Amino acid sequence: MTPPAVRSAGLTKRFRSGQVAVDGIELEVPRGSVYGFLGPNGSGKTTTIRMLLGLVRPTAGRAWLLEEPMPEGGGSVLPRVGVLVEGPAFHPYLTGRANLARLDAADATADPRTTRRRSDAALERVGLAAAAAKPFRQYSLGMKQRLGLAAALLRPRDLLVLDEPTNGLDPQGTREVRHLIRELADAGTTVLVSSHLLAEIDQVCSHIGIMSQGKLLVQDERLALTERGEPTLVVRTAVDHVGTATEVLTALGLGAPVVDGPEVTASLGSVAPETATAALVGAGVPVVGLEARRPSLEQLFVTLTGEGFDVAR
Amino acid sequence: MSRAEGGSRLLRSELSLVFGRRRNITLLVGLATVPLLLGIVLFVTQDSALAGQGPGFVGRVTGNGLFLVVSSLVMCLPFLLPLTIGIASGDAIAGEAQAGTLRYLLAVPVSRTRVLVVKAVAALAFAGAAVAAIALMALLSGAVLFGLDDVTLLSGSTVPLGEGVLRIAGVAVYVGLSLTGLVAVGLFFSTLTEVPVGAMAATVVVAIVSAVLDTLPQLAAIHPGLLTHHWLDFAEFLRLEVDWGVLGEGLAVQGAWVAIFASLAWSRFTTADVTS
């Protein structure tokens with residue numbers, strides 16, 4: 001098995017204020033995966049990413065990027081890593097293209113002869129070619145975010161660390177970012193992508209890690225995670241038939257039915273959805289809609305923490 | 001390509017950033033107007049009863065435009081030049097931290113030592129440009145308004161124009177080198193904060209406090225080590241026999257300030273968490 005692209009052991013950050021922002025996390029991002037690093041605002045995702053990149057010193061623990069220890073190995077490994085950390089940041093009075101040239105000039109391993117070609121290609125890729133000659137301060141929030149992505153794509157990378165890449169983007173922009181991530185992953189790049197919106201990027205992820213209050217609650221393949229929770233059955237019928245529907249479902253052995261208007265929701269347990277459907281129809285319940293649902297990541301989060309997702313510290 | 005070439009590429013980028021920034025260009029233009037204004041004021045009033053009066057070398061300007069260089073530098077030294085240095089060096093690291101571009105620079109990656117060296121060189125270059133802007137504009141306005149002539153030294157003896165220009169150039173170079181200590185102080189402050197204005201103000205305050213302390217006879221014991229104490233020693237260049245020992249002492253004091261504050265800046269910056 002190939003070693004993970006990102007790994008941490010007991011990674012901890014206690015700030016001078018005494019606040020423990022990251023509490024002994026054991027991150028493992030497999031090569032070639034799209035790892036969704038999820039958690040509410042303030043759960044420690046960005047501090048973790050800053051430690052991975054050598055910007056912040058861990059209080060305890062270690063971290064490796066592409067097998068190089070950080071921060072010592074940063075000089076050799078970071079050219080292979082494209083990053084977007086806590087929002088894009090550029091010189092406001094330089095154009096988008098000049099900002100990319102500035103970053104490329106800082107990279108001692110980059111070839112200055114290809115700077116222009118590479119930056120134009122990166123701008124093209126994020127849909128910013130038309131605004132390349134505009135000063136950064138005239139960019140909208142979405143354009144700034146795109147320029148941040150372009151900077152991460154300035155060179156071919158083995159690993160992309162994208163902190164909240166969809167922040168400030170409209171739904172169309174968010175879809176484009178998801179598409180871009182999928183494309184990069186298909187080309188073999190490992191992507192570590194964080195978000196405080198669980199549903200926003202979870203579709204493109206092959207792996208998920210969920211942070212809460214500085215701790216990594218779970219980390220697994222996405223499919224394995226969603227199969228952890230109890231599946232539920234949602235039956236939509238006419239309002240005057242919800243009583244009958246509830247009785248039928250209870251008789252079948254479905255647990256804890258909840259009625260909400262014309263909908264009845266119950267936990268499916270080991271009952272097959274088609275069995276329930278047949279029983280409902282047999283009892284004369286007009287079934288308008290029926291769905292077997294896996295719990296969402298958000299529900300999983302609530303189950304794991306016992307609190308709402310919006311509750312940051 | 002080698003690391004060294006990469007380093008010079010970053011330095012070029014940094015220099016174009018510093019010298020391309022409108023605020024900095026405005027500063028240089030502003031400094032260059034000082035000799036112009038001073039020259040015009042002296043030109044307009046030269047027939048009045050005030051002629052030959054005024055601080056420092058101002059009285060000599062109407063007789064020889066070359067002295068406009070010295071007078072302008074004397075006028076700018078107490079506040080305008082420290083302000084310029086404060087802005088250039090205080091902004092160096094703190095400005096990138098505030099904009100958030102520091103984290104991206106470090107993630108490129110650029111080693112923190114290299115960031116600091118490049119920032120220091122750019123700040124020094126800007127300090128040099130500030131002194132050059134004053135000196136060259138003063139030379140130009142002095143020549144146009146009053147003409148250039150053989151230079152009468154402080155002792156009363158006269159040296160030919162060619163040697164005079166060299167001596168005045170020596171003055172400008174000494175003034176430039178006298179500012180290196182303050183650049184290092186500003187760079188250190190710049191590593192402490194994400195608020196560039198704070199670092200800039202603190203740097204200017206250091207220069208002013210140093211000048212104030214320098215006026216207290218009770219503190220005579222510490223005067224020779226003060227950052228600003230030797231700033232006016234450039235007058236050595238206007239003596240018949242230049243005492244290089246005096247100039248050397250002034251530069252040695254600057255060297256000590258540079259060594260101390262560059263080390264502090266380095267130890268702070270290479271260990272600090274970049275959370276901006």
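Labels below follow one simple rule: chain letters A, B, ... track the order of the sequence lines, proteins then strands, and each chain is numbered from 1. Values below: every heavy atom of this structure, side chains too, minus hydrogens, waters and symmetry copies. Since this is a predicted model, take the numbers as computed values, not measurements.
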Exercise for review: Could you tell me whether A:R50 and B:D273 make a salt bridge, using a distance below 4.0 angstrom between a side-chain N and a carboxylate O?
Suggested key: no
* To do: Could you please spell out the steps behind the side-chain contact (heavy atoms from CB on, under 4.5 Å) verdict for B:L106 and A:L55?
  => CA-CA 7 Å; B:L106 296 178; A:L55 295 171; 3.7 Å; yes
Of the listed A:V85, A:V161, A:L94, the one with the largest count of heavy-atom pairs under 4.5 Å with chain B is A:V85
Rounding to 0.5 Å, atoms CG (A:L53) and OH (B:Y104) come to a distance of 9.5 Å
> Less than 4.5 Å apart, any side-chain heavy atom of A:T115 and any of B:R9?
Replying inline: yes
Cut-off 4.5 Å, heavy atoms of chain B, and the answer for A:D104 is both
Turns out that what part of B:S111 lies under 4.5 Å from chain A's heavy atoms comes down to neither
A:L78 and B:A107 have their tightest heavy-atom pair at CB-O, 3.8 Å
Highest number of heavy-atom pairs under 4.5 Å with chain B among A:T47, A:V77, A:L84, A:T46 belongs to A:L84
>> Heavy-atom count check: over 12 atoms from other residues, nucleotides or ligands less than 6.0 Å from A:M70 CE?
In response: yes
Most contact-rich option vs chain B, by heavy-atom pairs under 4.5 angstrom, among A:G87, A:G148, A:A98, A:G82, is A:G87
Check your understanding: Do other residues, nucleotides or ligands put more than 12 heavy atoms under 6.0 Å from A:R155 CZ?
Key -> yes
In this structure, NE2 of A:H91 is separated from OG1 of B:T101 (nearest 0.5 Å) by 4.0 Å
| message | Tell me if a side-chain donor or acceptor on B:R103 pairs with a main-chain N or O of A:E86 at a distance below 3.5 Å. | response | yes
All heavy atoms of B:A99 vs all of A:A89, minimum pair found to be O-CB, 3.1 Å
Should B:V108 and A:L103 count as side-chain neighbours, where that means a heavy-atom distance under 4.5 Å? yes
- Query: Hey, is CD on A:E124 packed in by over 12 heavy atoms from elsewhere, all under 6.0 Å?
  - Reply: no
Turns out that what part of B:E96 lies under 4.5 Å from chain A's heavy atoms comes down to side chain
Open item on the list: Could you go through B:E14 and A:R102, starting from their C-alpha distance and side-chain angles, then the distance that decides it, and tell me whether this counts as side-chain contact (heavy atoms from CB on, under 4.5 Å)?
Closed with: CA-CA 8 Å; B:E14 184 65 30; A:R102 157 91 175 158; 2.8 Å; yes
B:R22 backbone acceptor or donor facing A:Y93 side chain under 3.5 Å: no
